[in-house]
Amino acid sequence: MYDSLKQEEADRIKFILENSELLEPIQYNFLDGKYSIDVFDISESYDASEFYGRNMRGFNLLNKDEDPHVLKYRNSIGECFVHYGEWAYYTRLREAHITVGCSKHNYNFQIELSQAITDENHIYIVKNISNLAGKGALVRLYRNLKDDRVSKEKRKQKFIEDFNSEIIPYEEKDWIVISKINKEDLYNDEKSKDIMQNILSNILKAMLLIEVIGEEF
């Protein structure tokens, strides 16, 4: 039986993002280095409210030289950041939005913790994989396809295969699991780094795959 994430659980996930470190570097390389990311550390957290006009905090991703230029996108290098907190529209949970973006390029990846799904043992941070049109990070898979539903479905299946995660049917939609958290680990401080590593690594992988598949297919 599935249920929706509770406010205290969302707050704990944000606390982990705010206060944890990486266990190991996060490195992905696609299309012979055309798209790649090399994250070795994160910056101190800071107030990001000025960028949004809303209550947001965040940190920057850093390379091995402690420089924020970690993302290679085609022929240029960009800075990457993670911001979390209040978003531009009403959400079921307070200040439960996570966005990962790049300073130079018009794309990012967003997670809304209000959409997270739980069962007896786990929390599933998810993205809606059902929609083939509209707004949202996953819809970028379908850029330049217009009404070509067959090609959209091929790109969606390619993303599902390459990301290699569970699909959960919930409330008449299909959701791909971006990060899975054991409930017993959520309030265990010794597990915080593992949770941080898993969330950030999977978000960055999904973000890059969307760009790669959108260009490759």
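The first residue of the sequence shown is numbered 1, and numbering continues consecutively from there. Worth knowing before you read on, the calculation uses all heavy atoms, side chains too, and leaves out hydrogens, waters and symmetry mates.
- In this structure, R54 and S49 have side chains that are not in contact, with every pair of non-hydrogen atoms separated by 4.5 Å or more.
- No side-chain donor-acceptor contact under 3.5 Å links S36 to the backbone of Y28.
- Screening I199, I178, V126 for a side chain to side chain contact (heavy atoms under 4.5 Å, CB included) involving I111 leaves a single residue, I178.
- For CG of D147, the number of neighbouring non-hydrogen atoms (other residues, nucleotides, ligands) closer than 6.0 Å is 12 at most.
- By the neighbour-count criterion of 12 heavy atoms within 6.0 Å, atom CD of E66 is densely surrounded, having more than that number from other residues, nucleotides or ligands.
- Two residues are said to be in side-chain contact when any heavy atoms from C-beta on lie closer than 4.5 Å; C80 and I37 meet this criterion.
- Donor-acceptor pairing under 3.5 Å is lacking for the side chains of Y35 and N29.
- The backbone N or O of N55 sits less than 3.5 Å from a side-chain atom of E86, completing a donor-acceptor pair.
- Contact annotation: the side chain of E21 never approaches that of M196 to less than 4.5 Å [non-hydrogen atoms, C-beta and beyond].
- Between atom CD1 of residue I123 and atom OG1 of residue T118 there is a gap of 7.0 Å, rounded to the nearest 0.5 Å.
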Inset, instruction - Please test S45 against E18 for side chain to side chain donor-acceptor pair (under 3.5 Å), starting from the C-alpha separation and ending with a verdict. - result: CA-CA 6 Å; S45 60; E18 177 87 7; 2.8 Å; yes
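- Contact check for K191 versus L186: no side-chain heavy atoms found under the 4.5 Å cut-off.
- Within the model, atoms CD of E44 and CG of D41 stand 9.0 Å from one another, a figure rounded to the nearest 0.5 Å.
- Within the 4.5 Å cutoff, the side chain of I42 has no heavy atoms near those of the L62 side chain.
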Legend entry - Derivation and outcome, side chain to side chain contact (heavy atoms under 4.5 Å, CB included), residues L17 and I98: CA-CA 10 Å; L17 292 176; I98 303 170; 3.7 Å; yes
Inset, instruction - Step by step, work out the side chain to side chain contact (heavy atoms under 4.5 Å, CB included) result for V39 and Q27. - result: CA-CA 6 Å; V39 180; Q27 297 174 287; over 6 Å; no
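- A donor-acceptor pair is defined here as one N or O able to donate and one able to accept, closer than 3.5 Å; such a pair exists between the side chain of D67 and the backbone of H69.
- Panel note: side chain S130, backbone K173; no donor-acceptor pair is recorded below 3.5 Å.
- Contact check on E153 versus R149 returns a salt bridge, with a Lys/Arg side-chain nitrogen under 4.0 Å from an Asp/Glu carboxylate oxygen.
- Under the 4.5 Å side-chain heavy-atom criterion for grouping Ile, Leu, Val, Met, Phe, Trp and Tyr, I203 is connected to Y84 within one hydrophobic cluster.
- A salt bridge is absent between K183 and D3; no separation between the charged side-chain nitrogens and carboxylate oxygens falls under 4.0 Å.
- Because its NZ or CZ atom is both nearer than 6.0 Å to the ring centre of F109 and within 45° of the ring axis, K127 counts as a cation-pi partner of that residue.
- A continuous path of hydrophobic side-chain contacts links I167 to L209 [ILVMFWY only; heavy atoms under 4.5 Å].
- Distance alone, capped at 3.5 Å, places no donor-acceptor pair between the S165 side chain and the I176 backbone.
- Y52 and W87 have tilted rings, their planes meeting at an angle from 30° to 60° on a 0 to 90° scale.
- Under the 4.0 Å criterion applied to side-chain N and carboxylate O atoms, R143 and E211 are assigned as salt-bridge partners.
- Residues S4 and R92 come closest through the heavy atom pair CB-NH2, 3.4 Å.
- Checking Q7 against D11 by side-chain atom types alone, a donor-acceptor pair falls below 3.5 Å.
- No side-chain heavy atom of Q197 sits under 4.5 Å from any side-chain heavy atom of S179.
- Taking 4.5 Å as the limit, every side-chain heavy atom of Q115 sits out of range of all side-chain heavy atoms of Y170.
- Under the 4.5 Å side-chain heavy-atom criterion for ILVMFWY residues, no single connected hydrophobic cluster contains both W175 and I129.
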Inset, instruction - Give the intermediate values and the outcome of side chain to side chain contact (heavy atoms under 4.5 Å, CB included) for residues L71 and I77. - result: CA-CA 6 Å; L71 176 68; I77 304 293; over 6 Å; no
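- Side chain of S114 to main chain of L93: a donor-acceptor pair is present (N/O by atom type, distance under 3.5 Å, no hydrogens or angles).
- Taking OG1 of T91 as the start and CD of E112 as the end, the distance is 4.5 Å to the nearest 0.5 Å.
- Between R94 and K14, the closest heavy-atom pair is O-NZ, 4.4 Å.
- Aromatic ring centres of H122 and Y2: separated by at least 6.0 Å.
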Inset, instruction - Determine, stepwise, if the pair R12 / D189 fulfils salt bridge (Lys or Arg N to Asp or Glu O under 4.0 Å). - result: CA-CA 11 Å; R12 176 63 182 180; D189 290 339; 2.8 Å; yes
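- In the hydrophobic clustering of this structure, L5 does not group with Y124; members are Ile, Leu, Val, Met, Phe, Trp, Tyr whose side-chain heavy atoms approach within less than 4.5 Å, directly or through other members.
- Remark: aromatic rings of F81 and F59 are distant, center separation not under 6.0 Å.
- A salt bridge does not link K152 with D148: every distance from a Lys NZ or Arg NE/NH1/NH2 to an Asp or Glu carboxylate oxygen is 4.0 Å or more.
- Expressed to the nearest 0.5 Å, how far CZ of F30 lies from NZ of K72 amounts to 14.0 Å.
- Checked by atom type and distance alone, the side chain of R155 pairs as donor or acceptor with a backbone atom of L141 at under 3.5 Å.
- Residues F40 and L61 do not share a hydrophobic cluster, defined by chaining ILVMFWY side chains whose heavy atoms lie under 4.5 Å apart.
- In this structure, I26 and V70 have side chains that are not in contact, with every pair of non-hydrogen atoms separated by 4.5 Å or more.
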Inset, instruction - Take D38 and K64 through the side chain to side chain contact (heavy atoms under 4.5 Å, CB included) test and state the conclusion after the steps. - result: CA-CA 8 Å; D38 291 279; K64 61 183 178 181; over 6 Å; no
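- Not one N or O on the side chain of K34 forms a donor-acceptor pair closer than 3.5 Å with the backbone of V212.
- With rounding to the nearest 0.5 angstrom, the CD1 atom of I195 is 8.0 Å from the CD1 atom of I13.
- Between the side chain of N198 and the backbone N or O of D194, no donor-acceptor pair lies under 3.5 Å.
- For D32, the CG atom sits in a loose shell: 12 or fewer heavy atoms of surrounding residues, nucleotides or ligands are nearer than 6.0 Å.
- Annotation: cation-pi pair K205/F163 present, NZ/CZ under 6.0 Å from the ring centroid and within 45° of its normal.
- The shortest non-hydrogen separation linking K156 to Y142 is CB-OH, 3.4 Å.
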